[in-house]
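Single-structure report; data block below.
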4 protein chains.
Amino acid sequence: MPRPKTGDKRAAILRAATETIAEDGVGASTASIAKAAAVAEGSLFRYFPDKDKLLNELYVELKLDVRHAMIAGFPVAGSLRKRVQHIWNAYVTWGMESPAKRKAMVQLAVSERITGQSRQEGQGGFEDATGAMQQLITQGKLSGLPLSFASDLLLAMAETTMTSMATNPAKAERYRTTGFEAFWSAAAKK
Amino acid sequence: MPRPKTGDKRAAILRAATETIAEDGVGASTASIAKAAAVAEGSLFRYFPDKDKLLNELYVELKLDVRHAMIAGFPVAGSLRKRVQHIWNAYVTWGMESPAKRKAMVQLAVSERITGQSRQEGQGGFEDATGAMQQLITQGKLSGLPLSFASDLLLAMAETTMTSMATNPAKAERYRTTGFEAFWSAAAKK
Amino acid sequence: MPRPKTGDKRAAILRAATETIAEDGVGASTASIAKAAAVAEGSLFRYFPDKDKLLNELYVELKLDVRHAMIAGFPVAGSLRKRVQHIWNAYVTWGMESPAKRKAMVQLAVSERITGQSRQEGQGGFEDATGAMQQLITQGKLSGLPLSFASDLLLAMAETTMTSMATNPAKAERYRTTGFEAFWSAAAKK
Amino acid sequence: MPRPKTGDKRAAILRAATETIAEDGVGASTASIAKAAAVAEGSLFRYFPDKDKLLNELYVELKLDVRHAMIAGFPVAGSLRKRVQHIWNAYVTWGMESPAKRKAMVQLAVSERITGQSRQEGQGGFEDATGAMQQLITQGKLSGLPLSFASDLLLAMAETTMTSMATNPAKAERYRTTGFEAFWSAAAKK
DNA sequence: GATGAATGAGGCTTCATTCAT
DNA sequence: GATGAATGAAGCCTCATTCAT
């Protein structure tokens, strides 16, 4: 058996790509990514057939990562507010603890190189959260709007919130709370 | 006194850049932009010293364009709600009528090539609108948060709204209204 | 008016490609071709969109070149033998005077990168010669065989002849004559 | 006494190389050859020190293969015509039954990577055939020309014949016969 | 011995920018 | 001023070869 293809190396490339793309955008060169991963440029192409595939897999991976962050401690039996707040907090925490992941995600999300297929794959997966958002729509002010509207709105508002949190870390906690209240007011009944 | 020919060509390049960047992202080549502008490749560099300068000037220009759209018919003496709603409507209308401008703006806004200086320049300018947003913050739920939070929030929510409008044009009007109500609920007092 | 795209440069690239391919085969790098043409590598791609196009255009060009060599002094009203001999002589002379062109042609002819379209284009053009070959078939030993058989046979036999001529230049003239007689015996009546 | 496993693998690589080179030319990657041979990429280099050696050994091997095909049933005591016709038929049959071998041979024959040494080795070996060709030259129209001229000519004419046979299989037999008659007319006395 | 992961040199191509006309 | 041909650095990707397992 030859040297086995270590999952480690693939992960290292993905991690390096995250950081490099966060910094330089989707235009970051494969060379710079490989270097950041401490891997030869040729090696990168053993794990990803081409740059587009790398970009798309990273996108899906990051979406998966967010979802993981939301699953831990999800209050399945809690009130709607509790559940939505968990989603909000989990997302904001994830974003603040992994600024590179968050920035890379933003870059990838607006890139023409991410396929519809990948965006599809990025959506599904965490049914408890989806269910909560669905319920929020049905019972709230956004009644009649598509599910994606609510989730996109949460993402957008959380993004705005995080920008302020990053600018003024001292008031971060305050922003996180106010941001959620704003979202809740925007979406919940009454 | 006709505008000098020079101005026309510069404008043509900016217009072409808007469309090309909307389609291909910030990575669009200067050659493709020049071609879309029906201008020689080299001519582009007579109006913009380099690509970065073009990108930054386009960004500022687009921001200016949005502001222009907001000025027309601004209800200076109207209620706070009226004034904020005018901002919302003007922005959404601008975005829906100029999808290329909107898409280009999104691409530029997340690009690492847009300098802080340009972002600065892009902010200021329309005092009536700024005043309304300021008042909204002071008197509303977002009290204590920076001005930029409110405006960024409006932009983000409008962006989400426009995505839904574009996806389902039949319900566009409904989305625009619901979107505003959501924003108003999020930001206004009580 | 900017520097006009000189036909000279295109020709220089084609000439350089001929020599480089003659020496290194179709695998010759675009860099080596550009260098041989005393042109920047990027310039090569202003004249040919990609390497395949360069290869194919060179192929057609060389075929055209052969045909030109055959046209000069073609004895339109001569006997069949005279006309076929002219073709033979013109081809062999061309090959011996332009060894690089001949070698490059051989390389291109067997390459998978030359399209059927190019091979098509390479065929037609010199009707007097085609007519003579057609007549040779109809009236000779190869009656019933396709036209291409006769021309391919001539090419193949001439190629063999030239190899011997090159190996032993002292007897070149003798080889050329004997080669033709062999071809004539192979194809002509009786 | 079974052939050592080693020999099998070596043969598999050569067989795979034949097919791959027939299809993709000499530029076929060692990886693709290894894959076609169902062998690990690295294993190829246990049997051939480098790609050039593989190419050269394959060339010699294929030449040997042709010769084998000619030996079977060679009419040692037959007339000159019988013997030459056997050579012709054996070669054409070999080429038509093993199109990949034939195509690979063509590619290798024109490649700059095949050394003079290999070409040398490829020549000799089947004395009965060489003798017949020698006699054909001495007694025929090609008198005074080198031995290689006659054999190259046969090869070239057979190649042309096979091209036509492949294009129009229905008339294959007719082409094979006519081709031989053409060759015989070209080379034999009177 | 066999394997295939790892490598980096080198290949093709794009592109921002310069400059002769 | 305008043009677009020319350039070469840099980008993406392939590939022969090595070597740890």
Side-chain angles (χ1 to χ4, degrees), chain A residues 1-10 13 27-35 37-55, chain B residues 4-6 9 27-35 38-55, chain C residues 1-10 13 27-35 37-55, chain D residues 4-6 9 27-35 38-55:
Chain A
M1 203 187 354
R3 241 168 313 168
K5 187 146 56 171
T6 65
D8 285 6
K9 199 152 284 188
R10 191 192 134 92
I13 293 172
S29 73
T30 51
S32 67
I33 294 172
K35 191 173 178 192
V39 156
E41 194 171 1
S43 300
L44 188 151
F45 293 96
R46 281 201 147 262
Y47 290 87
F48 305 93
D50 56 29
K51 195 183 172 183
D52 273 9
K53 205 72 183 27
L54 166 60
L55 258 23
Chain B
K5 210 177 173 209
T6 283
K9 204 156 275 188
S29 74
T30 53
S32 69
I33 294 172
K35 190 175 178 191
V39 152
E41 280 181 50
S43 298
L44 188 151
F45 293 92
R46 297 204 143 279
Y47 294 90
F48 305 93
D50 57 27
K51 193 183 176 185
D52 273 10
K53 205 73 183 28
L54 165 61
L55 257 26
Chain C
M1 202 187 355
R3 241 168 313 170
K5 186 145 56 172
T6 66
D8 285 6
K9 199 152 285 189
R10 192 192 133 91
I13 294 171
S29 73
T30 52
S32 67
I33 294 171
K35 192 174 178 189
V39 157
E41 195 172 359
S43 299
L44 189 152
F45 292 95
R46 279 201 149 262
Y47 290 87
F48 305 93
D50 56 28
K51 194 184 173 183
D52 273 9
K53 205 74 184 24
L54 165 60
L55 258 23
Chain D
K5 209 179 174 207
T6 285
K9 204 156 276 189
S29 73
T30 52
S32 68
I33 294 171
K35 190 174 178 191
V39 151
E41 280 180 52
S43 299
L44 188 151
F45 293 92
R46 297 204 143 278
Y47 294 91
F48 305 93
D50 56 28
K51 193 182 176 185
D52 274 9
K53 204 73 184 28
L54 165 60
L55 258 23

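Here is how names work: the chains are called A, B, and so on, in the same order as the sequence lines, proteins then strands, and each is numbered from 1.
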*Closer than 4.0 Å, any side-chain N/O of B:Ser43 to the OP1 or OP2 of F:dA2?*
no
_Whole-Å gap separating P (E:dA5) and CZ (A:Phe48)_ = 14 Å
*Nearest listed nucleotide, side chain of C:Thr30, among E:dA5, E:dA16, E:dT13*: E:dT13
*Contact under 4.0 Å: A:Lys51 side-chain N or O vs F:dC13 OP1/OP2*: no
_Using a heavy-atom cut-off of 4.0 Å across all strands, would you classify D:Ala28 as base, sugar-phosphate, or nothing?_
sugar-phosphate
*Can you tell me the distance, in whole Å, between the CD1 atom of C:Ile33 and the P atom of E:dC12?*
8 Å
_Atom-pair distance (CZ on C:Arg46; P on E:dT17), nearest Å_ = 16 Å
*Taking OH from B:Tyr47 and P from E:dT17, how many angstroms apart are they, rounded to a whole number?*
18 Å
_B:Glu41 side-chain proximity, nearest of E:dT17, E:dG11, E:dC15_ = E:dT17
*Who pairs with F:dA5 - Watson-Crick or G-U, where each distance is under 3.5 Å*: E:dT18
*asked:* What is the separation between atom NZ on A:Lys35 and atom P on F:dA10, rounded to the nearest whole Å?
replied: 13 Å
*asked:* Using the side-chain heavy atoms of A:Phe45, tell me which of these nucleotides is nearest: F:dC12, E:dA6, E:dG1.
replied: F:dC12
*For atom CG of B:Asp52 and atom C1' of E:dC15, their distance in whole Å*: 14 Å
*Taking the side chain as every heavy atom from C-beta outward, state whether D:Val39 and D:Ile33 have any pair of such atoms under 4.5 Å apart.*
no
*In whole angstroms, how far is the P atom of E:dA16 from the CG atom of B:Leu55?*
10 Å
*Find which nucleotide of DNA chain E each of B:Gly27 and C:Ala31 is nearest to by heavy atoms, and output the residue with the more 5' nucleotide.*
C:Ala31
*Among the nucleotides E:dT14, E:dT3, F:dT7, which one has an atom lying closest to any side-chain atom of D:Ala40?*
E:dT3
*Contact summary for D:Leu44 and D:Thr30, nearest pair of heavy atoms*: CD1-O, 3.6 Å
*Could you say whether A:Leu44 or C:Asp50 is positioned toward the 5' end of DNA chain E, judged by the nucleotide with the nearest heavy atom to each?*
A:Leu44
*Using a strict cut-off of less than 4.0 Å between a Lys/Arg side-chain nitrogen and an Asp/Glu carboxylate oxygen, indicate whether D:Lys51 and D:Glu41 qualify as a salt bridge.*
no
*Find the distance A:Arg10:CZ to E:dA6:C1' and express it as a whole number of Å.*
17 Å
